[in-house]
Amino acid sequence: MADRRDRPYLRHRPDDRAEEREDRLTSVTESNPDIEISRRRLLGTVGAAGAAGLALGATGGALVHSAFDDSPAGAAGASGSLASLGATHVAFEGEHQAGITTPLQAKGHVLAFDLAPGAGRKEAAALMRRWSDTARLLMAGKPSSGADSGIALDAGPSSLTITFGFGHSFFERTGLASRRPTALDPLPDFSADRLDPQRSNGDLWVQIGADDGLVAFHALRALQKEAGEAARVRWQMNGFNRSPGATAAPMTARNLMGQIDGTGNPKPAQPDFDKRVFVPAAGPGPAEHAWMGGGSYAVVRRIRMLLDDWDKQSLAQQEQVIGRTKATGAPLTGGTETTKMALDKIGPDGKPVIASNAHARISAPEQNGGAAMLRRPFSFHDGIAADGTPDAGLLFICWQADPLRGFVPVQRKLDRGDALSVFIRHESSGLYAVPPGPRDGEYVGQRLLEG
Ligand SMILES: C=CC1=C(C)c2cc3[nH]c(cc4nc(cc5[nH]c(cc1n2)c(C)c5CCC(=O)O)C(CCC(=O)O)=C4C)c(C)c3C=C
Ligand SMILES: [Fe+2]
């Protein structure tokens with residue numbers, strides 16, 4: 001490996017120093033099971049406040065001990081040290097790919113590629129190997145192996161995650177149709193769909209998330225370059241979330257309608273979490289689908305919010321649409337954000353307090369035979385549309401072991417009578433098989449492409 005002085009653009013290199021390696025601990029919390037942070041950083045930043053706060057980025061921007069105190073000026077910021085936001089590193093290898101249970105990041109890019117005409121299994125395997133090599137480096141805060149653009153110069157890994165998936169069409173293109181799981185069958189049509197085929201589906205899907213915009217864009221450019229002649233971008237969407245540390249304490253995200261969004265998500269500590277979100281490592285299902293053991297299915301929808309119409313509603317009307325308060329996210333039946341909704345409670349007017357068409361009621365697992373999904377969205381804003389309204393909304397991304405037991409039944413029900421539906425428009429859609437996390441030296445999807 002090149003000396004840091006030879007390559008001043010080298011950024012955070014967690015494996016360079018034994019001391020740093022020793023200090024590493026794997027912080028497994030309810031919300032961030034795959035984030036690795038240094039014990040020294042924990043002590044140096046949050047101390048008694050605990051790991052969860054740091055992992056969620058609520059450090060108040062404190063500068064901490066750096067592995068680069070002796071690094072040349074510019075290699076890790078003017079002071080030679082990285083804030084915890086920059087230093088946080090998410091592992092590329094693991095049972096599951098990163099970017100599924102990782103806490104929401106502040107910046108995101110989601111994009112789909114189509115394999116180039118004439119490219120097949122061999123080219124796809126080579127591409128996945130190149131992309132995985134690049135993701136491994138960038139997620140560790142290192143430059144890409146080719147001519148690095150320098151866009152992320154000075155920054156640490158910043159919780160970068162890169163997640164790869166395969167669309168339905170990938171399997172024909174690569175001659176692997178017999179190994180395509182039935183869970184990847186196209187989603188049914190929904191009456192409210194206004195889908196743009198150019199911005200839907202695709203052979204390959206990539207999700208990039210980071211807590212720094214330049215780190216995220218750097219990864220985007222690197223992966224686009226690595227695609228070379230093998231694949232072309234079919235569509236790309238850019239999103240954002242609140243920055244870590246923006247709120248006094250870590251809290252559930254808000255969307256562009258101002259609602260607390262994510263409360264009802266299954267929690268990693270719950271006993272059925274894995275069953276709901278990840279394909280079991282050993283079956284069920286035919287052996288030819290075993291490559292997906294430990295993987296998950298992502299449903300991706302660009303959902304436009306009709307914000308001018310939404311903003312005309314009174315606060316009470318907005319809260320009725322969801323069934324929760326805007327300020328705290330508590331159910332309209334009382335309590336705090338985490339209080340269970342009392343769906344049977346009747347108000348003085350003889351009607352359910354949480355209306356029969358309230359979004360949170362209709363989408364609740366108990367109303368859908370237990371169907372549940374892990375929602376992990378980004379907001380988007382692409383300026384003003386031709387009609388003068390904001391082209392903004394939710395890049396809705398949800399994760400499940402089987403879309404027929406997650407997204408599909410819930411969306412079917414929402415499609416029939418969700419009070420929110422007049423304020424949103426589904427504009428694009430994709431369903432992707434996201435293989436398990438790679439082992440050391442493996443590339444994502446190797447068990448499919450070489451199995
Ligand atoms: C088919 C799945 C879903 C789509 C599409 C969807 C769109 C969508 N949702 C909101 C805002 C909120 N959703 C909330 C809860 C909620 N939504 C879904 C599913 C879809 N939402 C589920 C499964 C749940 C959880 C239900 C539960 O377990 O109780 C909430 C309430 C807070 C929360 O639990 O997260 C809000 C707010 C928007 C704005 C939107 C499309 C733009
Ligand atoms: Fe929702």
Side-chain angles (χ1 to χ4, degrees), residues 104 187-188 190-195 239 241 251-267 270 272-273 276-277 297-307 309-311 313 318-333 335-343 354-355 357-381 390-400 403-431:
L104 291 179
L187 298 172
F190 300 103
S191 71
D193 283 355
R194 299 288 177 270
L195 306 182
N241 281 304
M251 59 178 285
T252 315
R254 282 188 193 271
N255 61 40
L256 297 187
M257 287 176 158
Q259 305 140 353
I260 291 188
D261 193 348
T263 306
N265 262 340
K267 311 286 183 293
Q270 290 167 349
D272 53 358
F273 179 85
R276 286 176 151 166
V277 177
Y297 291 90
V299 173
V300 182
R301 295 214 142 201
R302 184 187 204 266
I303 307 181
R304 175 94 167 266
M305 291 173 169
L306 309 180
L307 289 176
D309 295 344
W310 175 253
D311 290 348
Q313 309 300 305
Q318 292 185 351
E319 292 181 335
Q320 280 290 319
V321 165
I322 297 295
R324 290 179 173 272
T325 71
K326 207 166 172 183
T328 67
L332 293 183
T333 45
T336 65
E337 186 194 347
T338 51
T339 307
K340 205 170 167 328
M341 289 184 285
L343 294 174
I354 296 178
N357 63 352
H359 180 80
R361 171 192 286 275
I362 298 184
S363 55
E366 56 265 46
Q367 303 287 307
N368 294 287
M373 68 206 81
L374 177 67
R375 292 164 290 137
R376 193 177 182 282
F378 291 96
S379 291
F380 72 87
H381 180 215
D391 186 5
L394 200 65
L395 299 180
F396 177 90
I397 302 173
C398 73
W399 298 91
Q400 55 258 288
L404 289 179
R405 289 186 292 114
F407 177 81
V408 172
V410 178
Q411 182 56 25
R412 266 208 187 106
K413 193 125 177 228
L414 290 172
D415 199 41
R416 283 200 290 265
D418 176 16
L420 186 62
S421 63
V422 294
F423 301 104
I424 61 176
R425 195 187 293 147
H426 288 240
E427 295 187 334
S428 80
S429 177
L431 168 64

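Both ligands and their constituent atoms are indexed starting at 1 by order of listing. Atoms considered below: every heavy atom in the structure, side chains included; atoms not considered: hydrogens, waters and symmetry mates. Because the structure is predicted, anything quoted here is derived from the model rather than measured. We're numbering straight along the sequence, starting at 1.
- Inclusion of Gly264 in the set of residues having an N or O under 3.5 Å from an N or O of ligand 1 is warranted.
- The protein heavy-atom contact nearest to atom 3 (C) of ligand 1 is Phe396 CZ, 3.4 Å.
- Counting heavy atoms from C-beta outward, Lys340 and Glu366 have side chains that approach closer than 4.5 Å.
- Inter-residue side-chain proximity for Phe190 and Arg412 is flagged as met; some heavy-atom pair is nearer than 4.5 Å.
- No part of Asn265 comes within 4.0 Å of ligand 1, judged by heavy-atom distances.
- Distances shorter than 4.0 angstrom do not occur between any heavy atom of Leu256 and any atom of ligand 1.
- Separating the CZ atom in Arg324 from the OG1 atom in Thr339 is a distance of 8.5 Å, to the nearest 0.5 Å.
- Taking the side chain as every heavy atom from C-beta outward, Trp310 and Val321 approach each other to under 4.5 Å.
- Near Ile260, meaning under 4.0 Å from any of its heavy atoms, are these atoms of ligand 1: 32 (C), 37 (C).
- When non-hydrogen atoms are compared, ligand 1 lies under 4.0 Å from the backbone of Thr263 as well as from its side chain.
- Shortest non-hydrogen contact noted between Leu306 and Val422 is CD1-O, 3.6 Å.
- In the vicinity of Leu414, heavy-atom distances shorter than 4.0 Å reach the ligand 1 atoms 1 (C), 2 (C), 3 (C), 4 (C), 20 (C).
- Atom 28 (O) of ligand 1 has as its closest protein heavy atom Pro365 CD, 3.3 Å.
- Nearest protein neighbour of atom 15 (C) of ligand 1, counting heavy atoms only, is Arg375 NH1, 3.3 Å.
- Met341 CE, 3.4 Å is the protein heavy atom nearest to atom 29 (O) of ligand 1.
- Looking at Arg302 and Glu427, a side-chain N of the basic residue comes within less than 4.0 Å of a carboxylate O on the acidic one, giving a salt bridge.
- Annotation: atom 31 (C) of ligand 1 to nearest protein heavy atom, Arg324 CD, 3.7 Å.
- Nearest non-hydrogen protein atom to atom 26 (C) of ligand 1 is Ser363 OG, 3.5 Å.
- Defined by atom type and a distance below 3.5 Å, a donor-acceptor pair is present between the side-chain atoms of His359 and Asp418.
- Atoms of ligand 1 lying under 4.0 Å from any heavy atom of Gln259, numbered from 1 in the order shown and given with element: 11 (C), 37 (C), 39 (C).
- The line from CZ of Arg376 to SG of Cys398 is 13.0 Å long, rounded to the nearest 0.5 Å.
- In this structure, the side chains of Met257 and Ile424 come closer than 4.5 Å at one or more pairs of heavy atoms.
- Atom 35 (O) of ligand 1 has as its closest protein heavy atom Gly262 N, 2.6 Å.
- Between Gln400 and Val299 the shortest side-chain heavy-atom distance falls below 4.5 Å.
- Closest to atom 5 (C) of ligand 1 among all protein heavy atoms lies Gln411 OE1, 3.5 Å.
- Counting heavy atoms from C-beta on, the side chains of Glu337 and Thr328 never come closer than 4.5 Å.
- Among His359, Gln367, Lys340, the residue whose heavy atom sits closest to atom 10 (C) of ligand 1 is His359.
- At a 4.0 Å cut-off, at least one heavy atom of His426 sits close enough to ligand 1 to count as contact.
- Contacts between Asn255 and ligand 1, counted as non-hydrogen atom pairs separated by less than 4.0 Å, involve the side chain only.
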